[in-house]
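Below is one structure, written out as structure tokens, with a few remarks after it.
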Amino acid sequence: MSGVVIKTGLIGHPVGHSKSPLIHEYWIKQHNLSASYDLYDCAPENLEGTVHRMRAEHLRGFNVTIPHKQSVMALCDTLDETARAVGAVNTVRIDESGMHGMNTDVFGFLENLRRCTRDIDYTNAPAVILGAGGAARAAVYGLLKSGVPSVTLVNRSLDKAESLAADMAAYGAVKITPWEKRDRALAGASLLVNTTSLGMLGQPPLDLSLEHLPEAAAVYDIVYTPLMTDLLQRAHDRGHKTITGIGMLLHQARPAFQAWFGVMPDIDEALERLVLS
Ligand code: ATR
């Protein structure tokens, strides 16, 4: 090895609890690369200065997390189609032509779904999405692009659902159902996705009855602490196919690693165990 260390990292606020270093450092070692993945904790008002410093340190690229996923877009020289459509960048690649913003959350969301539903056609009926934040944006865009006939958005704040639906109108049909009518919204769905923080450790529970959800529907929770959320446990007990959130976290990291190091890494059981430990 030449002794040159390829630098990458994560910018966010806070970043201390992120699982991303575990994932990328695991692959760096597995592929025998001389590289680092460092944390850059920076408040919103310091974003530009910190990105400037990262470029001065010759980073090959970096991940972006809360609260910078939208604001970093203005600092990018190019944006890929997904980042533009979703309105968020979670991965940046830097080369001599500048900073290139990408969104790999959509890939992570869909790849996890595809791998877990090989025997189910989730594109034959509407999908119901709970939530209208950043994760919901990735989910709605990904599902519409993969041929789901329509998406029903159910969110506590109607205005956020309306704004998401308007942004996604170019990609397919998005309907809105008020939060109070969430139980009935499940009738006829092929897929239910929770993108809210409800059910996460330390957050309120998700109060949702599954009685109207068709038997063949799959249930996907992007919350992964705990891995088997109350929603997934109840869905499993009713015989639904369930999809945990850890796969989304792992799969979104793969195209980022590829963008920086030119290798598409794989997920194995040891990595899964490491991230869940
Ligand atoms: P992310 O970007 O990770 O998706 P977010 O933008 O904070 O996170 O979105 C969190 C989602 O959980 C939102 O849809 C939020 O609903 P609001 O748009 O009404 O804020 C939803 N959420 C959080 N706490 C909730 C609660 N107690 N009841 C219902 N929805 C809740």
Side-chain angles (χ1 to χ4, degrees), residues 1-12 15-40 54-55 57-66 68-69 72 76 78-83 86 88-96 99-118 134-135 138-139 141-142 145-146 220-225 227 243-277:
M1 238 175 255
S2 64
V4 175
V5 177
I6 300 169
K7 295 184 74 168
T8 63
L10 168 69
I11 189 166
V15 285
H17 297 295
S18 171
K19 302 273 187 191
S20 292
L22 283 179
I23 302 171
H24 288 289
E25 282 163 7
Y26 181 88
W27 287 329
I28 285 170
K29 203 166 159 202
Q30 187 176 56
H31 292 276
N32 205 20
L33 297 167
S34 174
S36 68
Y37 187 93
D38 303 308
L39 297 178
Y40 293 80
M54 292 162 101
R55 294 192 68 167
E57 290 177 9
H58 302 291
L59 264 74
R60 175 79 56 93
F62 54 91
N63 283 132
V64 185
T65 189
I66 290 164
H68 306 309
K69 283 187 179 189
V72 80
C76 291
T78 68
L79 294 173
D80 76 4
E81 190 193 330
T82 312
V86 173
V89 159
N90 76 326
T91 300
V92 170
R93 182 175 59 81
I94 304 173
D95 64 17
E96 50 295 328
M99 255 176 61
H100 308 287
M102 307 160 52
N103 182 300
T104 69
D105 285 331
V106 174
F107 175 88
F109 173 83
L110 283 181
E111 189 65 11
N112 188 34
L113 179 61
R114 277 192 207 112
R115 289 197 188 199
C116 297
T117 56
R118 289 214 164 103
Y141 176 73
K145 287 291 270 190
S146 54
Y220 188 168
D221 200 335
I222 70 154
V223 168
Y224 59 86
T225 50
L227 189 61
I243 303 146
T244 69
I246 195 67
M248 178 171 175
L249 173 75
L250 291 165
H251 283 293
Q252 62 77 30
R254 295 174 58 221
F257 191 88
Q258 184 184 37
W260 305 327
F261 302 113
V263 193
M264 186 66 152
D266 286 323
I267 295 164
D268 54 28
E269 275 180 28
L271 176 58
E272 237 170 76
R273 269 199 310 275
L274 182 71
V275 168
L276 288 172
S277 66

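Between the D38 side chain and the G9 main chain, no donor and acceptor come within less than 3.5 Å of each other. Under the 3.5 Å distance criterion, the side-chain polar atoms of E25 are left unmatched by any main-chain donor or acceptor of L22. Looking only at distances, a side-chain donor or acceptor of S34 sits under 3.5 Å from a matching main-chain atom of V4. Listed for the R254 side chain is a donor-acceptor partner under 3.5 Å among the backbone atoms of P265.
Note that CG of N90 is 11.0 Å distant from CZ of F62, once rounded to the nearest 0.5 Å. Between the OG atom in S20 and the CG atom in L10 there is a gap of 5.5 Å [rounded to 0.5 Å]. Rounding to the nearest 0.5 Å places SG of C76 at 11.0 Å from CE of M102. A distance of 4.0 Å separates CG of D105 from NZ of K69, quoted to the nearest 0.5 Å. Taken to the nearest 0.5 Å, the CE atom of M248 stands 11.0 Å off from the CG atom of L113. Distance check, rounded to the nearest 0.5 Å: CZ of R60 to NE2 of H58 gives 12.5 Å.
For the ring-ring contact (aromatic ring centres under 6.0 Å, His included) test, no residue two or more places apart in sequence or in another chain qualifies with Y26. For N103, the side-chain hydrogen bond (donor to acceptor under 3.5 Å, both in side chains) criterion is met by no residue, not counting sequence neighbours. With sequence neighbours excluded, the residues that form a side chain to side chain contact (heavy atoms under 4.5 Å, CB included) with L250 are I23, I246, I267, L271, E272, V275.
The shortest heavy-atom contact between A256 and N63 is CB-ND2, 3.8 Å. The two residues V86 and A138 come nearest to each other via the heavy atoms CG1-N, 4.1 Å. Looking at every heavy atom in both residues, L110 comes nearest to S146 through CD2-OG, 3.8 Å. Closest approach of A83 and G101 over heavy atoms only: CB-O, 4.2 Å. Nearest heavy atoms, I222 versus A135: CD1-CB, 3.3 Å. The two residues F257 and H31 come nearest to each other via the heavy atoms CE2-CD2, 4.1 Å.
No side-chain heavy atom of H24 sits less than 4.5 Å from a side-chain heavy atom of T8. Side chains of W260 and I6 form no contact here, defined as non-hydrogen atoms less than 4.5 Å apart. Side-chain contact between H68 and Y40: absent, with no pair of heavy atoms (C-beta onward) separated by less than 4.5 Å. Taking the side chain as every heavy atom from C-beta outward, H100 and T91 never approach each other to under 4.5 Å. Taking the side chain as every heavy atom from C-beta outward, D268 and Q30 approach each other to under 4.5 Å. At a threshold of 4.5 Å between non-hydrogen side-chain atoms, the residues Y224 and T244 do not count as touching.
With M54 as reference, L59 is the one residue of L59, I94, V92 to meet the side-chain contact (heavy atoms from CB on, under 4.5 Å) rule.
No more than 12 heavy atoms of other residues, nucleotides or ligands lie within 6.0 Å of CD1 in I66, so this atom counts as exposed by the packing criterion.
Between E111 and R115 there is a salt bridge, since a side-chain N of the basic residue sits under 4.0 Å from a carboxylate O of the acidic one.
Relative ring orientation between F109 and Y220 is described as parallel, the plane-to-plane angle staying below 30° on a 0-90° scale split at 30° and 60°.
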